[in-house]
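Below is one structure; the comments refer to it alone.
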Protein chains: 2
Amino acid sequence: MTIKEIAQLAGVSSAAVSRYLNGGYVSEGKKEQIRKVIEETGYQPSAQARMLRTKKASLVGVVVPKINSESISRITAGIESVLAERGYQMLLAGTDNTPAKEVEYLRLFENYPVDGIILVGTMFTAGHRKFLKETKVPVVVIGQRTSHANCIYHDDYDAGKAMGQAVAGFSKKGVAYIGVTRDDKAAGAAREDGFIAGLKNAGVTLFEENKRTSAFTLESGYESALDLLESKCDIDVISCATDTIAAGAIEAIQTYLKKQIPTNAADAGARMRYILENTSIRVTGFGDNQMLKAVTGGIPTIHFGYKTSGIRGAELLLDNIERGEQIPIEMKLGFRLVGADPSDSENLT
Amino acid sequence: MTIKEIAQLAGVSSAAVSRYLNGGYVSEGKKEQIRKVIEETGYQPSAQARMLRTKKASLVGVVVPKINSESISRITAGIESVLAERGYQMLLAGTDNTPAKEVEYLRLFENYPVDGIILVGTMFTAGHRKFLKETKVPVVVIGQRTSHANCIYHDDYDAGKAMGQAVAGFSKKGVAYIGVTRDDKAAGAAREDGFIAGLKNAGVTLFEENKRTSAFTLESGYESALDLLESKCDIDVISCATDTIAAGAIEAIQTYLKKQIPTNAADAGARMRYILENTSIRVTGFGDNQMLKAVTGGIPTIHFGYKTSGIRGAELLLDNIERGEQIPIEMKLGFRLVGADPSDSENLT
DNA sequence: CTGTTAGCGCCTTCAA
DNA sequence: TTGAAGGCGCTAACAG
């Protein structure tokens with residue numbers, strides 16, 4: 001079904017149909033004829049051709065590192081809320097934490113009918129910088145600071161610092177840290193540096209041998225934590241760069257302790273009691289994951305305004321698109337330390 | 001930058017440039033000139049215009065109910081793996097469990113340069129059926145059985161039944177069930193019906209007053225479970241239609257018990273011990289969520305082959321697109337009951 | 001091998 | 001108000 005065929009069937013010109021579709025001048029009579037034909041044929045104009053013509057898609061492309069993540073979904077929820085309100089739709093592309101794919105999808109969106117792009121960033125490669133420099137499409141980066149585009153990021157350093165201080169507050173023995181690649185300036189470098197600074201402020205040192213680097217997955221967190229435990233270092237806190245990693249660490253601690261449960265402790269209660277009585281290792285995270293909080297009762301973690309960053313990011317982008325705003329903007333969002341209150345100390349691990 | 005400009009700069013025709021881009025006949029000399037101009041200008045052909053012309057996008061649209069879900073992400077991971085291998089990219093649209101939005105995005109993709117659509121289904125409205133009936137774009141539905149499109153779904157009924165039987169096996173008092181809307185035939189109706197059938201098989205009845213209906217969220221699961229607990233019904237199992245709801249139930253049980261902790265149990269260990277000794281309520285779920293398993297040690301749940309359904313779905317779709325396969329296919333995938341082994345009974349709740 | 005020509009489906013002057 | 005005409009950027013014949 002094309003606009004031409006509709007025009008023929010309705011006995012009018014294609015221009016008339018186009019105007020009908022877009023609210024231009026059409027006499028009542030013709031309006032009616034056209035309406036009927038469209039109704040009957042179930043015609044839908046090709047968004048594609050329309051976009052080729054108008055250079056306008058009412059569509060925003062969002063590139064995210066992974067889709068199964070609460071933080072990301074909070075960001076996209078924020079984006080969506082703004083877009084919906086202003087008549088846009090959102091297309092998502094997940095890159096599975098692969099920087100190369102990130103650039104691929106950026107390129108796709110660039111030559112695709114989207115009005116703008118939001119990149120939820122992890123790390124910047126030369127490819128990224130090249131893209132940001134060259135592209136004519138409005139782009140907003142969320143989650144990383146960059147001078148190559150408008151960006152909204154979180155105060156990872158100070159968050160890490162706050163966590164470091166809190167941890168120093170309740171740690172009696174030693175502290176371990178499971179971070180992520182420092183190529184990720186925000187979740188990798190900033191959180192770790194902040195954390196270490198926070199500890200130091202309180203007179204605590206994070207020893208090199210108590211540091212591990214994990215991928216952004218639960219399994220990887222599990223491995224890192226187990227490795228830490230088996231190294232027999234004297235620690236009572238494992239701080240992790242994300243709540244997902246923290247979940248892996250919690251699992252590792254349980255696995256590790258179970259191995260040592262006296263064989264005569266047959267029933268579940270007794271075994272669990274053993275674990276409880278022997279667990280003096282606390283785990284902390286970043287991100288304030290909802291499920292983790294629900295099930296554990298809440299470990300110390302950092303709440304970032306992810307939804308807010310999504311909202312602000314979308315607003316920035318739309319202003320850019322619609323009003324051609326050109327002043328570069330950088331926006332830093334704060335955080336909230338949660339679950340570190342001593343009264344919450346019934347937390348399992 | 002258009003192909004025309006490039007052609008001019010290189011002193012050739014636009015057709016030559018097009019051929020250069022698409023591997024047609026171009027003499028070495030011209031090839032070089034064109035290469036240089038493209039290099040210098042950083043020209044990128046408009047995918048948009050190309051698609052308008054070729055009716056081919058190497059792109060698949062995937063509509064999902066929500067993005068922050070492990071099951072969904074397993075499905076999309078499966079889809080992605082097949083797509084990548086066969087030279088396609090994937091665009092995601094999240095509908096936030098809103099059937100109306102689902103249709104909106106289906107329509108968007110329909111008039112958009114995608115070669116096919118995969119719908120991860122929740123419920124079918126008239127709008128859905130109308131779309132499936134009318135559309136010319138190849139569609140595969142994952143997660144729901146339907147006669148209107150090729151579909152791949154999971155054996156929710158038998159999974160529910162298996163869970164019912166397992167629960168009957170370890171329940172000594174009464175059983176409660178927190179389901180989701182029956183408008184969702186798979187996660188709603190089939191799981192519940194199967195569950196009840198499984199219980200009945202073992203001679204156990206699920207009383208009406210022990211049933212609740214929840215949304216697909218943790219909070220909602222929390223509310224439903226708390227409501228159940230406060231109704232003072234005599235139960236020792238709360239079975240939930242999803243692991244997310246189960247997580248909410250676990251939180252609710254903890255909250256509920258905490259309220260009753262003797263005030264003299266001051267320290268964390270004592271309080272936790274109280275909870276343990278008084279918790280005889282087990283929670284079960286569906287979906288085999290990784291984080292839940294890691295943190296709780298694993299509640300009884302159902303593992304579905306989500307990744308497999310993604311893979312099969314994508315394969316089906318691509319065969320449809322590329323080879324014009326037209327034989328309608330329905331595919332039912334099995335499941336695995338996990339965590340119901342009595343030896344796993346150290347699970348917290 | 002190469003350029004010319006004719007659209008893909010739509011919107012937007014422009015003159016009527 | 002209306003229709004004819006031109007073109008968005010690209011590719012696919014078709015002659016050369």
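In what follows, every chain begins at residue 1, and chains take the letters A, B, ... in the order their sequences are listed.
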Quiz prompt | Donor/acceptor link under 3.5 angstrom from Arg19(A) side chain onto base of dG3(D) | solution =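 Indeed, a donor on one side and an acceptor on the other fall under 3.5 Å apart.
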Self-check item: Nucleotide nearest Thr54(B) when distance is taken to its side chain, options dT11(D), dG9(D), dT2(D)
Solution: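 For the Thr54(B) side chain, the nearest candidate turns out to be dT11(D).
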Answer with base, sugar-phosphate or nothing: what part of the nucleic acid does [X] contact at a heavy-atom distance below 4.0 Å?
{"X": "Ala15(A)", "value": "base"}
{"X": "Ser46(B)", "value": "sugar-phosphate"}
{"X": "Tyr20(B)", "value": "nothing"}
{"X": "Arg50(B)", "value": "sugar-phosphate"}

Quiz item: Under 4.0 Å between a side-chain N/O of Lys55(B) and OP1 or OP2 of dT11(D), yes or no?
Solution: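 Indeed not, no polar side-chain atom of Lys55(B) lies that close.
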Quiz item: Mind checking which nucleotides bracket the chain A contacts on DNA chain C, 5' to 3', with an atom under 4.0 Å from a heavy atom?
Solution: dG9(C) to dT12(C)
Practice problem: Verify side chain to side chain contact (heavy atoms under 4.5 Å, CB included) between Asn111(A) and Gln48(B), making sure each step is shown before the conclusion. | Solution: CA-CA 6 Å; Asn111(A) 301 303; Gln48(B) 200 176 152; over 6 Å; no
Exercise. State whether Arg107(B) and Glu134(B) are salt-bridged, where the test is any N-O pair (Lys NZ or Arg NE/NH1/NH2 against Asp/Glu carboxylate O) under 4.0 Å.
Key: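 Looking at Arg107(B) and Glu134(B), the cut-off is met.
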Quiz prompt | Short N-O contact, Asp319(A) and Arg86(A), less than 4.0 angstrom | solution = yes
Practice problem: Kindly indicate whether the side chain of Leu316(B), heavy atoms from C-beta on, has any atom under 4.5 Å from the side chain of Ile329(B). | Solution: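 Yes, side chains in contact.
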Exercise. Could you tell me whether the side chain of Met51(A) reaches within less than 4.5 Å of the side chain of Lys56(A), counting heavy atoms only?
Key: no
